[in-house]
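Structure first, then comments.
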There are 2 protein chains.
Amino acid sequence: MADIPRPTDAELSILRVLWRRGPSTVKEVHDELARRAPTGYTTTLKQLQIMTEKGLVTRDESQRAHLYVARLPEEQTQTQLVGDLLDRAFEGSASRLVLRALSSRPATPGELAEIRELLDRLEGDTK
Amino acid sequence: MADIPRPTDAELSILRVLWRRGPSTVKEVHDELARRAPTGYTTTLKQLQIMTEKGLVTRDESQRAHLYVARLPEEQTQTQLVGDLLDRAFEGSASRLVLRALSSRPATPGELAEIRELLDRLEGDTK
DNA sequence: AAAGAAATACGAAACTCTTCGTTGACAATA
DNA sequence: TATTGTCAACGAAGAGTTTCGTATTTCTTT
């Protein structure tokens with residue numbers, strides 16, 4: 001009961017909105033989503049209801065317009081998704097995944113520096 | 001017609017076998033898969049047929065037992081999957097993804113060194 | 001209190017994914 | 001040539017995903 005399933009594509013779109021906006025009504029989420037890809041209001045509502053059942057989001061019903069909140073923080077979900085991809089396509093090799101990530105997207109010099117700092121920190125711990 | 005869809009979980013399991021073994025019959029793929037998770041022979045067959053329709057694999061029918069081959073090399077599929085995840089969950093930020101990958105899995109010192117080399121190479125080009 | 005609006009709940013349809021039982025083709029062999 | 005075993009093809013069922021139309025509830029305004 002405590003485990004939360006991997007979000008589907010449509011669910012992830014909704015989670016992104018909730019992470020950015022914080023607690024939001026269906027209308028607010030829908031308006032954001034419909035800006036990029038027009039869709040029906042009830043479609044977003046239904047998604048959020050299913051996500052509530054799955055435990056992906058929680059719902060505050062104290063107001064007339066219910067407020068939805070992502071159950072897990074963005075970082076945790078990202079870590080879950082990366083770990084999942086690692087197992088499914090990279091035989092668990094993190095370095096391979098990093099290799100592909102950096103070769104598939106031109107990272108900015110600033111980003112590369114960030115990663116370098118991260119490496120320094122990690123190697124500092126490994127002693 | 002030229003674009004190949006993102007492989008599903010079950011499809012990825014099959015692709016992993018094909019990448020490791022090279023051209024294989026249904027029986028060969030099935031035996032590998034069933035070792036970890038017992039499943040019916042026709043299940044694997046049907047998957048391969050669907051994957052052929054989708055263009056994920058190609059089929060050599062010259063022999064009685066058809067030979068299946070992954071259409072894209074492992075590297076290319078990995079790049080596609082990482083790029084996809086980047087867009088869906090990381091707003092395109094490669095450094096964020098790398099951060100999550102490394103913090104979710106304890107990379108070995110050797111792997112960290114590999115990544116460092118990659119960074120050197122990339123920064124060399126960015127001038 | 002009635003009418004109108006805004007929001008949620010319900011149900012269903014279309015589609016995909018995954019699995020497997022059954023059928024039919026083919027080949028080796030007795 | 002009849003039998004047996006191996007393989008691909010087909011169809012379908014069950015679950016999950018995504019979408020949306022309709023109904024119901026609830027609040028607000030008159």
Side-chain angles (χ1 to χ4, degrees), chain A residues 3-18 21 23-69 77 81 84-85 88-89, chain B residues 3-18 21 23-69 77 81 84-85 88-89:
Chain A
D3 50 55
I4 295 179
R6 166 159 54 110
T8 65
D9 286 2
E11 288 167 350
L12 201 45
S13 299
I14 289 180
L15 286 176
R16 284 215 305 271
V17 174
L18 291 179
R21 298 194 79 265
S24 309
T25 65
V26 176
K27 184 178 192 323
E28 289 166 340
V29 172
H30 173 65
D31 286 351
E32 284 251 359
L33 289 182
R35 192 174 307 162
R36 295 201 165 267
T39 179
Y41 171 86
T42 52
T43 298
T44 303
L45 170 63
K46 185 64 170 182
Q47 288 284 4
L48 280 166
Q49 286 170 350
I50 292 173
M51 290 170 77
T52 302
E53 283 173 20
K54 289 184 179 177
L56 285 166
V57 301
T58 56
R59 179 170 49 188
D60 173 1
E61 309 183 1
S62 65
Q63 302 298 325
R64 163 126 159 78
H66 300 175
L67 282 180
Y68 288 86
V69 186
T77 301
L81 288 172
D84 187 74
L85 185 61
R88 287 189 300 122
Chain B
D3 50 53
I4 295 179
R6 167 160 53 112
T8 65
D9 286 3
E11 288 168 349
L12 202 45
S13 299
I14 289 180
L15 286 177
R16 285 213 306 271
V17 173
L18 291 179
R21 298 194 80 265
S24 310
T25 63
V26 176
K27 185 179 191 318
E28 288 167 341
V29 172
H30 173 65
D31 287 351
E32 284 251 2
L33 288 183
R35 192 174 307 161
R36 295 201 166 267
T39 179
Y41 170 87
T42 52
T43 298
T44 303
L45 171 63
K46 186 63 170 184
Q47 287 284 4
L48 280 166
Q49 285 170 350
I50 292 174
M51 290 170 78
T52 302
E53 282 174 21
K54 289 184 180 177
L56 285 167
V57 300
T58 57
R59 177 169 51 189
D60 175 1
E61 308 182 1
S62 65
Q63 302 298 323
R64 167 131 153 72
H66 300 174
L67 280 180
Y68 288 86
V69 186
T77 301
L81 288 172
D84 187 74
L85 185 60
R88 287 189 300 122

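Throughout, protein chains are lettered first and strands after them, A, B, ... in sequence-line order, and every chain is numbered starting at 1.
- Contact annotation: B:Gln49 side-chain N/O to D:dA8 OP1/OP2 distance is not under 4.0 Å.
- B:Arg21 places none of its side-chain heavy atoms less than 4.5 Å from the side chain of B:Val29.
- Between A:Ile4 and A:Thr77 there is no side-chain heavy-atom pair separated by less than 4.5 Å.
- Of the candidate nucleotides D:dA12, D:dC27, D:dT18, D:dC27 has the atom lying nearest to any side-chain atom of A:Arg64.
- As judged by a 4.0 angstrom heavy-atom cut-off over every strand, A:Lys27 is placed among residues touching the sugar-phosphate backbone only.
- For the pair B:Tyr68 OH and D:dC7 P, the computed distance is 12 Å after rounding to whole Å.
- One finds a side-chain N or O of B:Arg59 lying less than 4.0 angstrom from the OP1 or OP2 phosphate oxygen of D:dA9.
- At a threshold of 4.0 angstrom between heavy atoms, the contacts of A:Thr25 with the nucleic acid are absent.
- Counting any heavy atom pair closer than 4.0 Å across all strands shown, B:Thr8 reaches sugar-phosphate atoms only and no base atom.
- Distance, A:Leu12 CG to D:dT17 C1': 14 Å, rounded to whole Å.
- Look at CG on B:Leu48: it is 15 Å from P on D:dC10, rounded to the nearest Å.
- Atom P of nucleotide D:dT22 and atom CG of A:Leu45 are separated by 16 Å, given to the nearest angstrom.
- Considering only side-chain N and O atoms, A:Thr43 lies nowhere under 4.0 angstrom from the phosphate OP1 or OP2 of D:dT18.
- Rounded to whole Å, atom P of D:dC7 lies 16 Å from atom CD of B:Glu61.
- In terms of position along DNA chain D, the nucleotide closest to B:Lys46 lies nearer the 5' end than the nucleotide closest to the other residue of the pair B:Lys46 and A:Thr44.
- Chain B approaches DNA chain C within less than 4.0 angstrom (heavy atoms of the protein), and the contacting nucleotides run 5' to 3' from C:dC17 to C:dA27.
- A distance of 9.5 Å separates NE2 of A:His66 from CD of A:Gln49, quoted to the nearest 0.5 Å.
- One can place CD of B:Glu53 at 13 Å from C1' of D:dG11, the figure rounded to the nearest angstrom.
- Contact check on B:Lys27 versus B:Asp31 returns a salt bridge, with a Lys/Arg side-chain nitrogen under 4.0 Å from an Asp/Glu carboxylate oxygen.
- The phosphate of D:dT18 has neither OP1 nor OP2 within less than 4.0 Å of any side-chain N or O from A:Thr39.
- Taking the side chain of A:Gln47 as heavy atoms from C-beta on, and the options D:dA9, D:dT19, D:dC7, the nearest nucleotide is D:dT19.
- Although no hydrogens or angles enter the test, the distance criterion places a donor-acceptor pair under 3.5 Å between the side chain of B:Glu11 and the main chain of B:Thr8.
- Taking a cutoff of 4.0 Å between a charged side-chain nitrogen and a carboxylate oxygen, A:Asp9 and B:Arg6 qualify as a salt bridge.
- Taking OG from A:Ser13 and CG from A:Leu18, the interatomic distance works out to 11.0 Å, rounded to the nearest 0.5 Å.
- Between A:Arg6 atom CZ and D:dT17 atom C1' the separation is 13 Å, expressed in whole Å.
- Here the straight-line distance linking atom CD of A:Gln63 with atom CG of A:Asp60 works out to 7.0 Å at 0.5 Å rounding.
- The NZ-C1' distance, from A:Lys54 to D:dA15, rounds to 12 Å in whole Å.
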